[in-house]
Amino acid sequence: MASTTKRALEASLKKLLLEKPLNKITVTDICEDCGISRMTFYYHFQDIYDLVEWSCQEDAGKALAGNRTADTWQKGLLSIFRVVRENKPFVMNVYHCVSRERVERYLYDITYDLLLAVVDEEAKGLQVQEEDKRFVAGFFRYAFVGVMLEWVAGDMKGDPEKIVDKISTMIQGDFRSALERFSL
């Protein structure tokens with residue numbers, strides 16, 4: 001039931017974002033659209049930004065499903081680009097109404113999870129400390145998020161497949177190469 005309510009709140013928020021910007025939407029607006037009480041909203045979320053973050057994580061989780069390996073990370077990243085484009089009104093509202101720091105944090109968290117899984121896989125057979133694995137994943141996270149933010153800022157005009165292909169070409173083998181440098 002909790003999941004159903006959260007999804008209804010997310011759907012309501014996304015619907016309202018087609019009518020007005022995020023900073024003009026209130027919890028009351030969402031509750032009225034959903035037909036629930038404010039108390040129910042606050043049972044699930046602290047505020048609208050908490051709902052936004054949950055929505056981002058849910059969408060990313062679906063996009064990445066099964067695509068968190070060294071062989072499939074490109075598919076996962078491409079899926080994230082596609083989900084972002086499919087939710088363009090939501091993303092653009094969040095991008096323009098939420099602080100850049102918060103938007104980056106959403107993207108960093110999503111991207112870091114994808115990259116850490118790849119880094120862990122690539123580190124098999126190497127003696128690499130956890131701190132170094134986190135460093136490598138963190139390094140690539142900044143590159144991936146930077147590319148994504150530039151694409152969003154450019155109104156999502158570039159072809160996601162070409163962007164992911166360029167990223168893949170640039171870092172081909174670099175996950176393993178970077179880890180080998182940290183190997184004990």
Side-chain angles (χ1 to χ4, degrees), residues 1-68 73 76-118 134-135 137-158 160 163-164 167:
M1 178 87 165
S3 180
T4 303
T5 303
K6 286 181 173 184
R7 291 190 203 299
L9 291 166
E10 174 187 24
S12 177
L13 175 62
K14 287 181 178 180
K15 176 183 159 200
L16 290 169
L17 284 170
L18 295 173
E19 302 166 11
K20 55 186 170 181
L22 181 64
N23 59 358
K24 301 291 183 192
I25 296 172
T26 66
V27 170
T28 301
D29 293 335
I30 295 170
C31 292
E32 285 175 2
D33 186 70
C34 250
I36 64 168
S37 70
R38 288 173 51 88
M39 185 85 104
T40 302
F41 179 92
Y42 287 114
Y43 176 77
H44 296 286
F45 299 105
Q46 293 176 4
D47 56 25
I48 290 175
Y49 299 108
D50 193 27
L51 170 58
V52 167
E53 187 171 352
W54 181 85
S55 297
C56 292
Q57 291 170 346
E58 284 294 299
D59 289 347
K62 290 174 197 168
L64 290 175
N67 292 313
R68 298 173 186 257
W73 69 263
L77 185 59
L78 181 58
S79 291
I80 289 174
F81 270 97
R82 288 180 176 152
V83 166
V84 167
R85 185 176 268 166
E86 287 166 12
N87 289 288
K88 186 174 181 176
F90 173 77
V91 171
M92 294 309 286
N93 260 293
V94 169
Y95 182 75
H96 291 295
C97 294
V98 176
S99 72
R100 181 174 173 96
E101 178 183 326
R102 200 168 205 158
V103 170
E104 287 175 351
R105 193 186 77 219
Y106 295 154
L107 291 172
Y108 287 148
D109 291 348
I110 291 163
T111 307
Y112 186 74
D113 289 344
L114 165 65
L115 293 171
L116 192 56
V118 173
R134 288 191 305 271
F135 179 82
F139 175 82
F140 284 106
R141 162 182 65 181
Y142 289 108
F144 283 35
V145 169
V147 169
M148 175 73 71
L149 286 172
E150 186 174 310
W151 179 70
V152 169
D155 202 34
M156 303 180 196
K157 289 185 180 161
I163 295 168
V164 172
I167 292 170

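In this chain, numbering begins with 1 at the start of the sequence shown. It should be emphasised that the depicted structure is a prediction, and the values quoted were computed from it without experimental measurement.
Here salt bridge (charged side-chain N to carboxylate O under 4.0 Å, His left out) pairs that include residues 19-30, with residues two or more places apart or in two chains, are Lys20-Asp29. Screening residues 38-56 for salt bridge (charged side-chain N to carboxylate O under 4.0 Å, His left out) gives Glu53-Arg105 as the qualifying pairs, with residues at least two apart or on separate chains.
Aromatic pair Trp73/Phe144: ring centres closer than 6.0 Å.
Side-chain contact between Ile36 and Leu9 is present, with heavy atoms from C-beta onward closer than 4.5 Å. The shortest side-chain heavy-atom distance between Val94 and Tyr106 falls under the 4.5 Å cut-off. Phe41 has its side chain within reach of Leu51: a pair of non-hydrogen atoms, C-beta onward, lies under 4.5 Å apart.
The heavy-atom pair separating Ser12 from Asp33 by the smallest distance is OG-OD2, 2.7 Å. Nearest heavy-atom pair across Ser37 and Cys31 is O-SG, 3.6 Å. Contact record, Ile80 with Ala63: N-CB, 4.0 Å, taken as the closest heavy-atom pair. Nearest heavy-atom pair, Leu22 versus Asn93, reported as atom, atom and distance to 0.1 Å: N-OD1, 3.2 Å. Trp151 and Lys157 get closest at one heavy-atom pair: NE1-N, 4.0 Å. Closest approach of Val103 and Leu149 over heavy atoms only: CG1-CD2, 3.9 Å.
Here Glu104 pairs with Arg100 under the salt bridge (Lys or Arg N to Asp or Glu O under 4.0 Å) rule; sequence neighbours left out. Applying the ring pair (Phe, Tyr, Trp, His ring centres under 6.0 Å) test to Tyr108 and every residue at least two apart in sequence or in another chain returns Tyr142. Every residue two or more places apart in sequence or in another chain was checked for a ring pair (Phe, Tyr, Trp, His ring centres under 6.0 Å) with Phe90, and none qualifies.
Within the model, atoms CH2 of Trp54 and CZ of Arg7 stand 5.0 Å from one another, a figure rounded to the nearest 0.5 Å. Note: Tyr49 OH to Cys56 SG = 13.0 Å, rounded to the nearest 0.5 Å. In this structure, CG on Leu116 lies 10.0 Å from CZ on Arg141, to the nearest 0.5 angstrom. A distance of 11.0 Å separates OG in Ser55 from CD1 in Ile48, rounded to the nearest 0.5 Å. The structure places CG of Leu114 at 10.5 Å from CD1 of Ile110, a figure rounded to the nearest 0.5 Å. Atom-to-atom distance recorded for Thr26:OG1 and Leu16:CG is 8.5 Å, nearest 0.5 angstrom.
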Name each donor-acceptor pair under 3.5 Å that joins a side chain in residues 81-88 to protein atoms two or more places apart or in another chain, with its distance.
residue : atom : partner : partner atom : Å
Arg82   : NH2  : Glu161  : OE2          : 2.8
Arg85   : NH2  : Met156  : O            : 2.5
Arg85   : NH2  : Gly158  : O            : 2.9
Asn87   : OD1  : Lys14   : NZ           : 3.1
Asn87   : ND2  : Val83   : O            : 2.9
Lys88   : NZ   : Asp155  : O            : 3.3
Lys88   : NZ   : Asp155  : OD1          : 3.2
Lys88   : NZ   : Asp155  : OD2          : 3.4

Go through it in stages, so that I can follow the logic: the residues are Val52 and Arg102, the test is side-chain contact (heavy atoms from CB on, under 4.5 Å), and I'd like the CA-CA distance, side-chain angles, deciding distance and then a yes or no.
CA-CA 10 Å; Val52 167; Arg102 200 168 205 158; over 6 Å; no
Under the criterion side-chain contact (heavy atoms from CB on, under 4.5 Å), I'd like the reasoning laid out for Asp113 against Leu64: C-alpha separation, chi angles, the key distance, then a yes or no.
CA-CA 10 Å; Asp113 289 344; Leu64 290 175; 5.5 Å; no
